[in-house]
Amino acid sequence: MDKLAIVVPCYNEEEVLKIASKALRDVLNDLIGKGKIASDSFILFVNDGSKDRTWELIEEEHRENPIQVCGVKLAGNVGHQFALTAGLITAKDMSDVTISIDADLQDDVSVIEEMIDKFHEGKDIVYGVRKERKTDTFFKRVTAQGFYRVMEMMGVKTVYNHADFRLMSQRAVEQFSKYQETNLYLRGMMPLIGYETDSVYYDRKERVAGESKYPLKKMLALAFNGISSFSVKPISMVLGLGFAIVILSVLAAVYALISYFTGHVEPGWTSLILSIWFLGGLQLLAIGLVGQYIGKIYIEVKHRPRYNIEKVLSSEK
Ligand code: UDP
Ligand code: MG
């Protein structure tokens, strides 16, 4: 029987912790009863340097439910993406399959069973995808959609409307742990792993209590990180722009020379305008070219695995 670990990053979640613990334990017990997961499956709360009583509550829950509730205390606030990574990597050595979910229960815990079913069908990663954005403000809806569009333009593979509610098999987490980069954008990394994936759909709810730990500033930072950690396209765009301007400068030259010979220009204008167009283009071209090398260096220093092996057929045991 497969042992499940539900990984929950928590930052100042004292209001929701007990509710989340109860709801997730109910899910565990239900699945254990149905014989779908091992009886020692557990929840792993990751305390991300909370300033309130979150950790005390996790300890309390662990005392009351020593098998089903476990905890990891990070030595300071590192942010959601790192906290989740710490939890997943800790959980991988203690379990066969992990599910990550936010502490606020905005994601529907009732689709966890469906995720486990897909895992048993052989999927290594199962994405939780939200159906609609009814509960979001107009602003959040528009910015989120714009974000996915920009990501697509930049050639970054992302799963539409998927946050970090996700099942990962042990080997998927193992593979993921080999991506040693510090600029983390988990949603973008999962498709890189390349194992078989599937999705389950649910309605995202309001937070059960407390308020969002993701203010606009953090959201924008995550979005920018998502793009800049996966795409060197912006650099290529600069190079392209440089090319375009150098070519335009030829047209500008023709125009400037015609104006010069038809004789109604200020003295000095022709040479000035020509230099401005040509040098401007040349500079952008040069910056873009240097950028291409920086882009390569950037990709190299990430030291991402060059391939992930999914299966090997061989005669050796
Ligand atoms: N979180 C975290 N560290 C942080 C900020 C948030 O571990 O620095 C956790 C938080 O406790 C929650 C999850 O990340 O479990 C998502 O945060 P939140 O629900 O506030 O984001 P929203 O749903 O509003 O985008
Ligand atoms: Mg939330």
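Order of appearance sets the numbers: ligands from 1, and atoms from 1 within every ligand.
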Undergrad: Out of curiosity, Glu14 CD to Asp52 CG, how far, rounded to the nearest 0.5 Å?
TA: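 So the gap between those two atoms works out to 4.0 Å.
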
Undergrad: What's the separation between atom CG in Asn47 and atom CD in Glu13, rounded to the nearest 0.5 Å?
TA: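 Nearest 0.5 Å value for the CG-CD distance: 10.0 Å.
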
Undergrad: Is a donor from one side chain sitting under 3.5 angstrom from an acceptor on the other, for Gln68 and Asn29?
TA: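 Note: Gln68 and Asn29 side chains meet the donor-acceptor criterion.
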
Undergrad: Is Asp198 paired with Lys118 through a side-chain N to carboxylate O contact shorter than 4.0 Å?
TA: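 The answer is yes: the pair qualifies as a salt bridge.
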
Undergrad: Are Val69 and Phe42 close enough that some pair of their side-chain heavy atoms sits under 4.5 Å apart?
TA: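 In short, these two side chains do not touch, never coming nearer than 4.5 Å.
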
Undergrad: Write out the protein residues near ligand 1, meaning a non-hydrogen atom under 4.0 Å from one of its atoms, in order of chain and number.
TA: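 For ligand 1, the contacting residues are Pro9, Cys10, Tyr11, Glu13, Asp48, Asn77, Gly79, His80, Asp102, Ala103, Asp104, Gln106, Lys140, Arg204, Arg207, Ser212, Lys213, Tyr214, Lys218.
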
Undergrad: Looking at Asp40 and Lys3, is any side-chain nitrogen of the basic one under 4.0 Å from a carboxylate oxygen of the acidic one?
TA: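 Result for this pair is yes, salt bridge flagged.
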
Undergrad: Any chance the rings of Tyr127 and Phe165 have centres within less than 6.0 Å?
TA: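 So the answer is no for these two rings.
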
Undergrad: Counting backbone and side-chain atoms alike, does Asp104 have an N/O/S atom under 2.8 Å from the Mg ion (ligand 2)?
TA: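 Checking Asp104: at least one N, O or S atom is under 2.8 Å.
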
Undergrad: With respect to the Mg ion (ligand 2), please indicate if Gln106 possesses an N, O or S atom at a distance under 2.8 Å.
TA: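 True for Gln106.
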
